[in-house]
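Presented below is the structure to which this report refers.
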Amino acid sequence: MSFGNQGARVWRKTGKKEMPKCLKSSVKYPQSVMVWGAMSAAGVGPLCFIKGRVNAASYQEILEHFMLPSAEKLYGDEDFVFQHDLAPAHSAKTTGKWFTDHGITVLNWPANSPDLNPIENLWDIVKRKLRDARPNTLDELKAAIEASWASITPQQCHRLIASMPRRIEALISAKGFPSKY
């Protein structure tokens with residue numbers, strides 16, 4: 001749905017005139033949240049709803065209170081390699097020290113690289129599950145996100161993790177240019 005001087009224009013199939021799925025409202029200041037979550041081939045960990053901007057200190061708090069419990073739930077005593085991108089809070093020296101102090105190996109990730117992190121695909125799954133939810137408040141939005149996240153199966157996570165060799169092969173074949181991933 002777009003708005004102009006002539007009012008709203010809606011493109012839809014015949015017989016779908018009033019279906020909410022066919023309408024997309026335009027909101028000047030939509031509700032939004034920033035969310036942190038972790039996944040492994042064994043499933044997902046708890047979500048963290050973030051208020052404000054993320055800096056190195058707040059990111060380390062998230063790691064302490066959400067990543068460590070997620071790792072305990074998903075890996076138990078097994079070693080694991082943590083993957084995140086090179087956002088400034090992630091690549092800060094103090095964050096690197098936090099990982100070292102906690103004995104956690106971080107995947108070496110090249111700068112300016114395509115984002116092949118499978119959690120991006122997981123977030124896309126969560127967003128697709130939210131399409132039919134029509135939250136009216138921030139609390140309803142958070143509840144819808146939590147419900148969508150909770151419905152993610154370990155099998156979905158495992159498939160995404162298992163796709164990593166194909167993702168890397170596609171990137172190499174594309175010589176670093178975009179691929180289907």
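All values derive from a computational prediction rather than experimental measurement. Throughout, residue positions are numbered sequentially from 1 according to the sequence presented.
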Problem - OG on S40 to CD1 on I119, rounded to 0.5 Å - result: 10.0 Å
Practice task
List the steps and the verdict of side chain to side chain contact (heavy atoms under 4.5 Å, CB included) for F80 and L74.
Solution key: CA-CA 10 Å; F80 64 94; L74 298 170; over 6 Å; no
Practice task
Measure the spacing between OG of S70 and CG of L63 and express it to the nearest 0.5 Å.
Solution key: 10.0 Å
Handout entry: Test item: T100 side-chain N/O and G96 main-chain N/O as donor-acceptor pair under 3.5 Å
Key = yes
Exercise for the section: Provide the closest heavy-atom pair for A162 versus P165 in the form atom of the first, atom of the second, distance. Expected result: O-CD, 3.3 Å
Exercise for the section: Nearest 0.5 Å please: distance from the CE atom of M67 over to the CH2 atom of W36. Expected result: 6.5 Å
Handout entry: Path from L107 to L171 over hydrophobic side-chain contacts below 4.5 Å
Key = yes
Please tabulate, for side-chain N and O atoms in residues 122-130, each donor-acceptor pair with protein atoms closer than 3.5 Å (sequence neighbours left out).
residue	atom	partner	partner atom	Å
D124	OD2	R128	NE	3.0
D124	OD2	R128	NH2	3.1
K129	NZ	S151	OG	2.8

Handout entry: Polar side-chain atom of T105 near backbone of V81 as donor-acceptor pair, under 3.5 Å
Key = no
Practice task
May I ask you to decide if the ring planes of H84 and H90 are parallel, tilted or perpendicular, using 30° and 60° as cut-offs?
Solution key: parallel
Exercise for the section: Is it possible for you to say whether V35 and L138 belong to one hydrophobic cluster, with membership spreading through side-chain heavy-atom contacts below 4.5 Å? Expected result: yes
Exercise for the section: Drop me the distance from R159's CZ to N121's CG, to the nearest 0.5 angstrom. Expected result: 12.0 Å
Practice task
Using the rule that two of Ile, Leu, Val, Met, Phe, Trp, Tyr join whenever any of their side-chain heavy atoms come within less than 4.5 Å, decide whether I62 and M34 are in one cluster.
Solution key: yes
Exercise for the section: Identify the two heavy atoms, one from A89 and one from T95, that lie closest to each other, and give their separation to 0.1 Å. Expected result: O-OG1, 2.7 Å
Exercise for the section: Would you please indicate if the ring centroids of F82 and H102 are separated by under 6.0 Å? Expected result: no
Practice task
Tell me whether V54 is reachable from I145 by hopping between hydrophobic residues (I, L, V, M, F, W, Y) whose side-chain heavy atoms are closer than 4.5 Å.
Solution key: no
Exercise for the section: Can you measure from OG (S163) to CG (L160) and round to the nearest 0.5 angstrom? Expected result: 5.5 Å
Exercise for the section: Find the distance between CH2 (W149) and CD1 (I152) and round it off to the nearest 0.5 Å. Expected result: 7.0 Å
Exercise for the section: Could you tell me whether a side-chain N or O of Q156 sits under 3.5 Å from a main-chain N or O of T153, the two making a donor and an acceptor? Expected result: yes
Handout entry: Short side-chain to backbone donor-acceptor contact, E72 and L68, under 3.5 Å
Key = no
Practice task
Give the cluster check for Y75 versus F66: same hydrophobic cluster or not, with ILVMFWY residues linked at side-chain heavy-atom distances below 4.5 Å.
Solution key: yes
Problem - Expected output: side-chain S173 to main-chain E169 donor-acceptor under 3.5 Å - result: yes
Exercise for the section: Might you confirm whether atom CG of D79 has over 12 heavy atoms from other residues, nucleotides or ligands at distances under 6.0 Å? Expected result: no
Practice task
Evaluate the side-chain proximity of M164 to P118: yes if any heavy-atom separation is below 4.5 Å, no if none is.
Solution key: yes
Practice task
Would you check if the side chain of K73 reaches a backbone N or O of V44 as a donor-acceptor pair within less than 3.5 Å?
Solution key: yes
